[in-house]
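As the structure is a prediction and not an experimental result, all values here were calculated from the model.
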Amino acid sequence: MKNKAHNYRYIEWKTPDEMHFSSLQWKSELSFIKDEHRFFEDMLKEYTLPIIESQLFNRVKELIDQLGLSVKELKVLEKRVSEHINRLRSLIESLDEPREGRVYRKEHKEILNDVNHFSRQYKRLKKEIFEIVSQAMKQQKQKRLLA
């Protein structure tokens, strides 16, 4: 799915403090997703047997691959956000560069779009993982009831 870029005009009026706060929110959200990645990896390992027994292994393999890609994409975004935060510090120290401010705001918009796009994709992936593990667990429970 292509990343649809939104035109967030209000960013042009944001103060450096507001942009810094937004960046810290991104950093926090990405950190939380990083923890969730570990949770999903552990969950998929823990429910390997029910997944294999439920004939859902191929679909789960695809989800594991998507989760791996999500982990890589998360690392890139975390790095971009950290660098963005650090650039704001240096930008505030040299306020006499209006051109740099425009470049920074443009970058802020791009990162906002990328974080939002990543977040939407991740939420879809998370939903699929929960659905497939839930389905595998239900099938395992049904087998135990019939046995």
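Heavy-atom neighbours of K126 NZ from other residues, nucleotides or ligands within 6.0 Å: above the threshold of 12.
The same ILVMFWY cluster, assembled from side-chain heavy atoms under 4.5 Å apart, contains both I129 and M137. The cluster map of Ile, Leu, Val, Met, Phe, Trp and Tyr, joined by side-chain heavy atoms under 4.5 Å apart, puts L69 and V60 in different clusters. Y122 and V71 end up in different hydrophobic clusters when Ile, Leu, Val, Met, Phe, Trp and Tyr side chains are linked at under 4.5 Å. Both L24 and F118 belong to a common hydrophobic cluster when Ile, Leu, Val, Met, Phe, Trp and Tyr are linked at side-chain heavy-atom distances under 4.5 angstrom. In this structure, W26 is not a member of the same hydrophobic cluster as F21, with clusters built from ILVMFWY side-chain heavy atoms closer than 4.5 Å.
Distance check: L77 CG to K27 NZ gives 13.5 Å after rounding to the nearest 0.5 Å. Between the CG atom of L56 and the CD1 atom of I51 there is a distance of 7.5 Å, given to the nearest 0.5 Å. Annotation: the span from K79 atom NZ to L30 atom CG amounts to 15.0 Å, rounded to 0.5 Å. In this structure, L112 CG and R105 CZ are separated by 14.0 Å, a value rounded to the nearest 0.5 Å. Considering NE2 of H108 and CG of L88, their distance stands at 9.0 Å, rounded to 0.5 Å. In this structure, K61 NZ and L63 CG are separated by 11.0 Å, a value rounded to the nearest 0.5 Å.
None of R80, H84, R102 except one satisfies the side chain to side chain donor-acceptor pair (under 3.5 Å) rule with E107; the exception is H84.
Using a 4.5 Å cut-off on side-chain heavy atoms (C-beta onward), V76 and K72 make no contact. Two residues are said to be in side-chain contact when any heavy atoms from C-beta on lie closer than 4.5 Å; Q135 and Q139 meet this criterion. No side-chain heavy atom of R87 sits under 4.5 Å from any side-chain heavy atom of E83. Under the 4.5 Å side-chain criterion, counting only non-hydrogen atoms from C-beta, P50 is not in contact with K141.
Ion pairing of R38 with D42 is absent here, as no side-chain N (NZ or NE/NH1/NH2) approaches a carboxylate O to less than 4.0 Å.
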Output, in order, the C-alpha distance, side-chain angles, deciding distance and verdict of side chain to side chain contact (heavy atoms under 4.5 Å, CB included) for Q121 and S70.
-> CA-CA 9 Å; Q121 280 186 315; S70 182; over 6 Å; no
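Although no hydrogens or angles enter the test, the distance criterion places a donor-acceptor pair under 3.5 Å between the side chain of T48 and the main chain of K45. Distance alone, capped at 3.5 Å, is enough to place a donor-acceptor pair between the S23 side chain and the M19 backbone.
Classification of the F39-F130 ring pair by plane angle, with boundaries at 30° and 60°, yields tilted.
Of all the heavy atoms in V133 and Y47, the pair that sits closest is CG1-CD1, 3.9 Å.
Applying the side-chain hydrogen bond (donor to acceptor under 3.5 Å, both in side chains) rule to S119 yields the partners E29; only residues at least two apart in sequence or on another chain are considered.
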